[in-house]
Amino acid sequence: MNVIAATDYWANIPIGEHLWLVSPMIVLVCTMLAVVTCPILLGRRTRTITAVVAIGVTAAFVMAIRVAMQVADGGTSGLSTVSGSGMLIIDNLSAGYQLLMLAFLGCVIGLWWIGSAATERDAPEFFVLLLGSALGMVLMVSTSNLLMIVMAIEMASLPSYALVSFNKRDRAGAEGGLKYMIFGAICAAIMLYGASLLYGLAGSLNFADIAKMVALSFAGGGRDVVLVSVALLCFFAGVAFKISAVPFHFWCPDAFQAAKIEVTTWLSVVSKAAGLILLVRLVAIFCGTVGAAGLMHTVEPIAWGIAIVAAITCTLGNIAAYRQRSVKRLLAYSSIAHAGYMLMATAVFIHPDVAGSEAGISALLAYVFIYLFMNLGAFGVTAMVYWATGTDDIDAFTGLIRRAPALAIPMIICLMSLVGLPPFGGFLGKWWIWIALGRLDSTLGWFLIMVMGLNTVVSLYYYLRIVVRMTLRDDGQAVLRPSFGGMAMVNVCAIVLFPVMFIFANGFKSTADHFARRMFVPTADATVSAEPSVEGDHSAMADAWVDDAAGHNDRDVKRP
Amino acid sequence: MSVETLKLCGILILLAPLIGAILAGALGRPVLRGNTHWIVIAGVAVAFALSVVVFGVVRGAADGAHAVQIPLYDWFTSGSGWFKVEFLIDPLTSIMLLTVTGVSLLVIIYSRDYMREHDKPVRGYERFFAFLGLFVFSMCALVLGGNFLLLYLGWEAVGLCSYLLIGFYYDRPSAAAAAKKAFLVNRVGDFGFGLGILLIYLTFGTLEYQAVFDMVQGGVLASGEPIATGRITTIALLLLCGACGKSAQLPLHVWLPDAMEGPSPVSALIHAATMVTAGVYMVARCGAIFTASPIAMTVVAVIGACTALFAATIALTQTDLKRILAYSTISQLGYMFLGLGVYAADSAVFHLFTHAFFKALLFLCAGSVMHAMGGIIDARYFGGLRKLLPWTFRFFVIGSLALAGFPFLSGFFSKDEIIHHAFEAHWLFGLVGLATAVLTAFYTARMVCLAFFGPERVPEGVHAHESGKWMLAPLGVLSIGAIFAGYLGVEMFGQGFHNFLGPVFHDTFGVHYSVVSAPGAAHAVAAAAHTGFLANYGLMILSGGLAIVAIAAAYFMYVLQPWIPGTIASAVPRLHRLFSNKYYIDEAYDAAVVRPLRMTGRVSVGLDNYFLDGLVWLATAIPRGLAFVLRGLQGGLIQGYAVSMIIGIIILALVVFFAER
């Protein structure tokens with residue numbers, strides 16, 4: 001029983017079982033508090049602070065393992081797609097993300113320790129911001145409630161703005177951070193506007209109810225379609241901002257370039273993953289609700305909207321990466337392109353069979369996982385080169401295969417993986433999205449397959465440019481001596497991409513399938529919700545609409 | 001059969017050499033250096049020990065369970081196809097494992113000294129051992145794999161290792177060229193092999209050995225349709241194409257003599273004892289497919305017979321010891337194919353087994369000579385070494401006698417069996433086999449005479465010395481094998497080898513065997529049906545006698561009356577030129593294939609440089625142009641961003657709006 005409804009706020013305090021489920025978050029909060037109080041009690045020494053954070057993150061990680069094990073064994077776990085208020089959901093998906101995120105938090109802190117700790121004077125503040133954004137991201141993936149979504153996105157974003165412009169003396173950083181913040185503010189405003197419209201239209205903050213309302217209106221039996229579309233679109237802007245989909249991507253290259261490289265890694269890898277997982281959850285709920293109501297065919301325009309945004313996003317990202325000389329900025333554009341690929345997989349929800357939609361979600365989850373590793377690897381190597389040479393210009397990579405083979409080889413694997421060439425991990429991710437799209441067997445699917453294929457070809461050029469620089473050119477620059485920890489990290493990433501993922505391709509995919517399947521299974525016992533009466537009325541009304549439109553509906557929700 | 005034991009053993013047999021190789025590659029240069037060999041030796045030793053365990057388990061199994069398919073995990077799915085990582089372990093597998101890991105272990109131990117000069121490791125010492133470990137892993141994967149996909153992967157992996165090791169001295173142009181040649185010629189064969197596997201998948205819908213073989217033997221597909229014989233023949237011939245490449249059979253044999261550019265241990269291990277026998281293993285493994293097509297079987301036998309005779313004639317005139325041995329290997333592999341083609345798969349595998357011992361022994365001895373002669377191996381530059389290298393001489397003679405088919409050594413028994421079965425199939429095959437046996441005895445004796453008898457000659461400036469114990473000990477072990485391995489298959493000693501292998505080939509090659517070893521299953525499956533005592537032993541006496549005569553003739557011609565060979569050569573100059581120029585096959589390939597391809601290559605380069613590059617430039621011009629435009633958009637002004645974003649939202653809203661209408 002893992003859907004925690006925090007509705008009757010004080011009377012229904014979660015019991016111990018529930019506290020265990022949120023223990024990683026509690027540990028994160030405690031760590032933040034500890035870091036804040038540490039300078040007063042123990043002094044501002046970077047070493048002390050880092051030790052505290054390391055203990056905190058490790059503890060959270062251990063807790064996260066326990067949570068993941070607790071929710072892993074079926075039955076009580078799993079996401080309720082159509083019931084519950086979904087204020088806080090701890091299921092396989094969020095627990096899995098949490099685990100990965102904490103591992104990556106460790107990596108990012110490690111990177112920071114290697115590269116920036118020596119010159120850092122404001123370690124406590126840095127860590128408060130980092131941990132704060134981490135907490136926001138965990139919350140983002142653990143909810144399906146509009147209010148929580150908005151809050152979590154803000155919780156994740158606000159510290160990120162400050163992280164980008166953390167170095168007070170750096171003009172570029174300040175500018176990048178400011179742009180990021182202004183942009184974020186605009187997007188937040190648009191999203192809030194959309195969220196309020198949706199609440200007004202559906203009378204519920206629960207996304208499942210909203211999905212019903214949307215489906216009904218598209219079926220012609222509910223609210224005004226244009227209004228609903230605009231509301232959805234505006235709400236979508238918030239998520240699109242997080243994953244930097246076009247046209248909400250402008251902040252991305254500037255902020256990524258301005259930020260310290262470990263912050264860039266953090267934002268490009270974990271923050272985007274959080275946005276995508278949130279999107280997966282919303283799409284799954286949408287899909288489950290609409291599919292159960294038998295209205296899937298009516299929402300095709302939404303799928304087309306996603307598809308077009310996805311197509312433009314990846315094309316734009318790839319093309320803009322063409323002329324970049326700064327590898328950091330190039331990778332920023334590359335991350336935009338990859339957000340496009342992943343968005344494509346969400347468009348698959350339109351598949352008439354649940355199995356088809358699941359294939360899309362499963363492919364997306366697999367891709368997110370692979371994406372984490374290939375980006376961490378690529379950014380990690382870039383960071384290592386940057387710290388050794390003082391620049392992330394592509395010239396700094398010339399002859400890297402001689403200067404530091406332990407960096408160049410993982411970089412090659414990560415870049416090939418980003419292109420999506422077999423037998424590297426990235427290929428598998430693309431391949432599965434491709435198959436999911438092919439199974440759609442519709443204009444939409446073939447259109448996206450074509451766009452993706454063309455984009456892969458286009459992207460080959462700029463990724464290979466770096467590979468060529470590293471292997472075939474050499475201008476006699478000095479040999480690099482990167483730190484052991486950093487080398488180990490990027491090499492582990494590369495080994496996961498190839499050969500581990502290649503050898504265990506099927507086991508990996510079936511895990512993703514397993515996750516995806518869970519998302520569409522409405523668990524009957526996941527109904528602790530005692531929604532406020534005013535919402536209850538509205539959602540009851542929504543139920544009635546669904547029943548009207550679908551005629552009969554046996555998969556619909558059982559409400560208390 | 002204890003499946004769990006076999007599974008665990010199989011996994012560890014693969015992992016141990018692989019881990020050894022990885023550690024040698026990763027830690028060799030910075031940490032281990034001159035001690036790198038230890039880690040690979042340890043890995044391969046573990047693999048060998050476990051191969052013995054596997055052998056024991058398989059041997060102890062009841063007769064009914066002679067083959068066991070062990071699935072490990074699902075590798076990937078594609079459409080409706082499932083690809084699994086699985087083992088197939090049966091007597092054939094266990095024999096191959098024993099041969100591969102056993103010989104590898106000895107060769108790697110030998111390499112410890114061989115890859116040193118003045119007791120200092122040569123350049124690339126770590127690389128050498130890492131590749132050897134990788135090779136053992138690949139070869140074990142090849143023989144353990146339970147489906148055609150894994151077979152293909154192992155097949156290509158051993159090819160890669162072979163390429164890397166032939167080109168070990170990559171700064172020597174001839175070595176680089178030889179590596180390239182080996183790789184390219186194998187590509188030709190592997191192309192057919194790949195097509196064959198694809199055709200198997202298209203026909204049967206699966207790549208699993210057991211499933212495919214069952215369908216072939218049943219004659220119907222899973223869908224119930226009968227299988228066309230033509231299809232089976234095509235598959236068999238395509239697979240044979242790969243086998244010809246890997247096992248250096250006509251017409252793809254040209255790479256093997258050149259492959260002798262690699263270090264001698266590599267020649268012994270990869271190009272004599274193990275990798276080149278992969279083709280034989282594959283044909284034996286796919287017996288169901290080959291025996292279902294009489295045409296394919298005939299082709300196998302003809303190719304084998306022709307190669308055996310052809311390579312033996314070339315070996316008559318060569319003077320480079322390693323090249324003589326290379327042609328001899330081709331010739332012996334021809335024997336094995338002949339054996340397969342005349343339905344004597346057990347004899348072919350038996351010959352594979354004995355050949356591994358004596359040929360590895362000969363190559364390692366040649367390596368020892370080379371080591372002593374300062375890298376020179378051409379017998380024109382040295383001779384009469386028997387006093388200088390007494391131990392190498394003794395081992396070399398043992399290996400040579402085994403190869404020559406001297407009575408009661410291992411090669412005698414295994415070769416004789418094949419000739420015997422060849423006569424049963426067709427007298428012409430038998431005659432070719434017999435003639436080749438005579439030639440083999442002759443050129444082997446000639447090789448020994450040239451190198452070790454006559455007046456003592458060494459190249460200038462070379463201080464000849466006997467090799468150290470690291471090199472001599474493996475030679476000793478191998479020579480014991482070369483002498484006694486043959487008795488495993490002899491009738492009077494219970495024919496253990498054949499009865500062990502019999503169940504694998506019983507249903508396909510129709511091999512007879514009797515069950516004596518399996519406990520609790522002492523019923524005879526089929527009484528060993530032998531042709532008359534006289535025919536069998538008569539042939540033995542005949543071929544043994546011929547071998548002795550040929551050896552004596554060689555000794556007479558090359559030691560006692562050394563003027564004779566020259567006279568014969570000048571008496572039949574054309575024939576001599578034909579042999580010593582290897583039938584001009586390299587030249588013919590050069591004219592017919594290599595030059596036209598080179599020309600095509602030049603044309604392609606021109607096209608690529610001027611036409612395709614232009615096209616690519618044009619193709620990238622579009623994104624580059626767009627990129628230029630986009631850079632304007634990302635100008636850094638936040639107002640511009642905001643406007644673009646709002647316009648974007650409006651466009652999106654319009655799209656959704658109109659899509660809705």
Side-chain angles (χ1 to χ4, degrees), chain A residues 175-176 178-179 182-183 186-187 190 218 225-226 228-230 232-234 236-237 240-241 245-254 298 300-305 308-309 312 315-316 318-324 329 333 428 431 435 457-459 461-462 502-510, chain B residues 14 18 22 25-26 29-30 71-85 141 150 153 616-617 619-661:
Chain A
E175 188 188 326
L178 190 63
K179 275 183 192 163
I182 293 175
F183 216 83
I186 300 173
C187 286
I190 297 174
F218 273 79
V225 169
V226 176
V228 171
S229 304
V230 169
L232 262 188
L233 195 65
C234 289
F236 175 70
F241 163 72
V246 174
F248 310 98
H249 70 288
F250 290 100
W251 60 273
C252 181
D254 290 351
T298 60
E300 199 168 340
I302 295 179
W304 270 105
I308 288 168
V309 170
I312 296 176
T315 312
L316 214 92
N318 277 327
I319 288 175
Y322 251 60
R323 283 171 164 261
Q324 303 305 329
R329 200 170 168 90
Y333 278 113
L428 295 174
W431 172 244
I435 287 180
V457 176
V458 169
S459 69
Y461 173 83
Y462 66 85
F502 177 67
I503 294 176
F504 297 107
N506 200 64
F508 177 61
K509 182 64 165 55
S510 24
Chain B
L14 289 183
L18 182 64
I22 290 174
R29 197 173 299 235
L72 294 187
Y73 66 92
D74 297 332
W75 187 15
F76 65 88
T77 51
S78 164
S80 56
W82 281 84
F83 296 103
K84 290 182 185 146
V85 173
L150 293 183
L153 284 178
V616 171
W617 188 86
T620 56
I622 302 164
R624 270 184 288 128
L626 281 172
F628 191 70
V629 176
L630 281 177
R631 262 157 74 100
L633 220 61
Q634 186 89 30
L637 275 182
I638 195 124
Q639 292 88 341
Y641 293 178
V643 170
S644 310
M645 186 170 84
I646 300 298
I647 292 174
I649 294 177
I650 291 171
I651 291 173
L652 270 180
L654 287 177
V655 167
V656 174
F657 183 69
F658 282 111
E660 181 53 30
R661 288 294 107 135

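In what follows, every heavy atom counts, from backbone to side chain, and hydrogens, waters and symmetry copies are set aside. Residue numbers begin at 1 in each chain, while the letters A, B, ... track the order of the sequences.
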Inset, instruction - Measure from the side-chain N and O atoms of B:Trp75 to the backbone N and O of A:Gly507, and report whether any donor-acceptor pair falls under 3.5 Å. - result: no

Inset, instruction - Count the heavy-atom pairs under 4.5 Å between each of A:Val458, A:Ile319, A:Thr315 and chain B, then report the option with the highest count. - result: A:Ile319

Legend entry - Among the listed options A:Ala237, A:Ala320, A:Pro253, A:Gly305, the residue most often paired with chain B at heavy-atom distances under 4.5 Å: A:Pro253

Inset, instruction - Flag the pair A:Phe504 / B:Asp74 as yes when at least one side-chain heavy-atom distance between them is below 4.5 Å, and no otherwise. - result: no

Inset, instruction - List the atom of B:Ile649, the atom of A:Ile190, and the distance in Å for their closest heavy-atom pair. - result: CD1-CD1, 3.6 Å

Legend entry - Nearest atoms (heavy-atom pairs only) where A:Pro247 meets B:Met645: O-CG, 3.4 Å

Inset, instruction - Can you establish whether the number of heavy atoms outside A:Lys509 located under 6.0 Å from its atom NZ is more than 12? - result: yes

Legend entry - Interface moiety of A:Tyr333 toward chain B, non-hydrogen atoms closer than 4.5 Å: side chain

Legend entry - chain B contact via A:Phe502 - which portion, at a heavy-atom distance below 4.5 Å: both

Inset, instruction - May I ask you to decide if the ring planes of B:Tyr641 and A:Phe250 are parallel, tilted or perpendicular, using 30° and 60° as cut-offs? - result: parallel

